[in-house]
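Numbering of ligands and ligand atoms starts at 1, following listing order. Residues take their numbers from the sequence shown, with the count starting at 1.
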Amino acid sequence: MIAVTPGRLGSRIRAVSKRALAAPPPDCGGNQGCGKPEENGHAHASAGGVPPPVAHPACGVRDHCGVPTQNPPRHPWWQRAVFYEVYVRSFQDSNGDGIGDLAGVIDRLDYLEWLGVTAIWLTPFYPSPMVDGGYDIADYRGVDPRFGTLETFDRLVAEAHRRSLRVIVDLVPNHTSDQHPWFVDARSSRTARHRDWYLWHDPGPEGAPPNNWISEIGGSSWQLDERTGQYYLHSFAVEQPDLNWRNREVREAMYDVMRFWLDRAVDGFRIDVLWYLVKDELWRHNPVNPYYVPGEDPAHAALVDTYGSDQPEVHEVVAEMREVLDEYEDRVMVGEIYLPVTRLIEYYGWGGREGVHLPFNFHLITQPWDARGLAVTIDEYEGGLPANAWPTWVIGNHDKPRVVSRVGTGQARVATLLLCTLRGTPTVYYGDELGMPNGHVPHALVTDPLALNAADGSQEGRDEYRSPMAWTRAPQGGFTSGSPWIPLPEAPLESVEGQRDDPDSFLGLYRKLLELRRAHEALQVGRYLPIPASGDLLAFRRLAGEEEIVVAANLGHEPVELTVPQEPPLRILLQLVEGSVSDLAHGRLRLAGDDAVIALVQPPGT
Ligand code: GLC
Ligand code: CA
């Protein structure tokens, strides 16, 4: 039976009482009451989302936080936040089994605080057969024993909140594991209680799959279930059957899953493959992709996915999810959406209804590392964002080659500077702050279905982007006292221990950039204005109040020059490569190859 959905009021009351226990707020719990201007970087929202009925330490106003705000803060916490993706399996092992776990994450919260990130995204830790690294979930409301217990999870959230770190978790609504009780029941017979919770179709002519769709990991998206004689759809691995989001019971069940975690004081969700949730009702064939290069492009790119994802009806689901989220205060919805800008921005809201706060913008990962092409995309994105929509940037995640391996260490530093200075909320992928390259994973240890499924070995697999974190110079980098599930990156990668006191290290750069973001309103939330440039140069201004900052990045290996329009006097806040002599009094910047600069425009007369 489907779980009974608590009414809106019921779930709020339950949420408030739980959160009051689980999440002592680190900062002001209210939105306006203490009178401190929000623009000054004073955070008004509690990490747990629900304010405590106690005097606020800064303003001393009792209970003000419980009063619904008339004027929400100009910048909610997630716009000022720096997110950090914790790939739990590879972050820190606490019990020597070689697999990262939630207790390990707790042990490293001090580090994250020191680094200067303000919110963490935990990849799936739910009970799972681990066919797809935990993105095949067998129970949405538990913790896999590999990773800990619900009690460890609650402790993690409380410990994070104590340090003013927000916590968001992965929500995987498109598919379950084939071991999930819903699917076990669904495949038991054509009349099973949960049959219609998944996507079944009779075979096509001569028993063929119902249409030509290709799964993201290669091969048909359809799997024949011999016992019941129908195919089920799996947009990813065979062991990940897609849920039927046209079924109201599925929706309500998943919304209750959201409430389950929101009640445990999570600050929001990163929603897995959000654009996949609804499929064409007529199951039409996808058209052939004329640009497909066999052997080079992934198998599913042979077709243009016109009908298997990004259907108009998905926006209704997104809006409903947002309404569930908004039953709680101050939470955030981040969506994994690989789409071009014009389609992506529809996920902010549709038909007058609210959507995702932060639909991931993957263009710094997916586009060629070319200044002119990126400049066009950045401006298309900035120009296309709906009113009040907030941008977001990312240069790495557990599905894509490490930034250092994509563009080289020099350009990875440039990319990092852009990540931290473009307008919008950045997400840092764990290990990228060390300049971690792709790892080497011996064939016998490969777990990624993408690689295992490509019988011809054409896919390297994503394990290589998920190496264990190098914390110390000790054996196994202090990641585990046992044998890691996959090897650590090879030398010469320096560990956290080796980099933390070196301001010129990759880690030193990250810390400095995050410090600058905190110190400069223009970098954190200021407006964005492009500066015309050519060749390998990318340049823009950030503006907030009287503060104006110029950012110039050289995406090439040869020196470049920029004369800032109006030739204002500049003061350099950070430059990646030492030794270039700029004429700062006249707004002229010289950048070496692989160089980038952040400069403060000096007010006249200074
Ligand atoms: C997302 C995840 C990826 C996973 C896929 C299927 O893209 O980031 O790791 O394989 O969804 O759940
Ligand atoms: Ca472990």
Point to revise | Short N-O contact, E113 and R108, less than 4.0 angstrom | key: no
Review point. Can you tell which of D132, N397, V273 gets a heavy atom nearest to atom 6 (C) of ligand 1?
Key: D132
Practice item. Measure the distances from the heavy atoms of R462 to every atom of ligand 1 and state whether one is below 4.0 angstrom. Key: yes
Exercise for review: Measure R270 to ligand 1 on non-hydrogen atoms and call it side chain, backbone, both or neither using the 4.0 Å cut-off.
Suggested key: side chain
Exercise for review: Assess whether salt bridge (Lys or Arg N to Asp or Glu O under 4.0 Å) is satisfied between K279 and D242, documenting all intermediate values.
Suggested key: CA-CA 10 Å; K279 286 85 184 170; D242 281 38; 2.7 Å; yes
Practice item. Flag the pair D144 and R89 as a salt bridge only when some basic side-chain nitrogen lies within less than 4.0 angstrom of an acidic carboxylate oxygen. Key: no
**Study point:** NZ or CZ of R146 within 45° of W485 ring axis and under 6.0 Å
**Key:** no
Review point. Is it the side chain, the backbone, both or neither of R466 that has a heavy atom closer than 4.0 Å to ligand 1?
Key: side chain
Study note, to complete from the structure: Nearest non-hydrogen protein atom to atom 8 (O) of ligand 1, with distance, is D399 OD2, 2.5 Å
Review point. For W200, is the NZ or CZ atom of R195 found under 6.0 angstrom from the centre of its six-membered ring and inside 45 degrees of the ring axis?
Key: yes
Point to revise | Stepwise side chain to side chain contact (heavy atoms under 4.5 Å, CB included) test for I365 and R406 | key: CA-CA 9 Å; I365 299 180; R406 284 201 318 270; 3.9 Å; yes
Exercise for review: Answer yes when R353 and E323 have at least one side-chain N-carboxylate O distance shorter than 4.0 Å, and no when they do not.
Suggested key: yes
Practice item. Please report which non-hydrogen protein atom sits nearest to atom 7 (O) of ligand 1, along with the residue it belongs to and the distance in Å to one decimal place. Key: E336 OE2, 2.8 Å
Review point. Distance under 6.0 Å and angle within 45° of the ring axis: does R166 meet both against W77?
Key: yes
Point to revise | Per-atom contacts, ligand 1 versus H175 - under 4.0 Å to a heavy atom | key: 6 (C), 12 (O)
Review point. With distance as the sole criterion, is a donor-acceptor pair present between the side chains of Q240 and D178 under 3.5 Å?
Key: no
**Study point:** Residue E281 excluded, over 12 heavy atoms near CD under 6.0 Å
**Key:** no
Check your understanding: By residue and atom, what protein N/O/S atoms are less than 3.0 Å from the Ca ion (ligand 2)?
Key -> D93 OD1, N95 OD1, D97 OD1, I99 O, D101 OD2
Exercise for review: Heavy-atom distances under 4.0 Å are what count here, so tell me which part of H398 touches ligand 1: side chain, backbone, both or neither.
Suggested key: side chain
**Study point:** atom 11 (O) of ligand 1 - nearest protein heavy atom and its distance
**Key:** D272 OD1, 2.9 Å
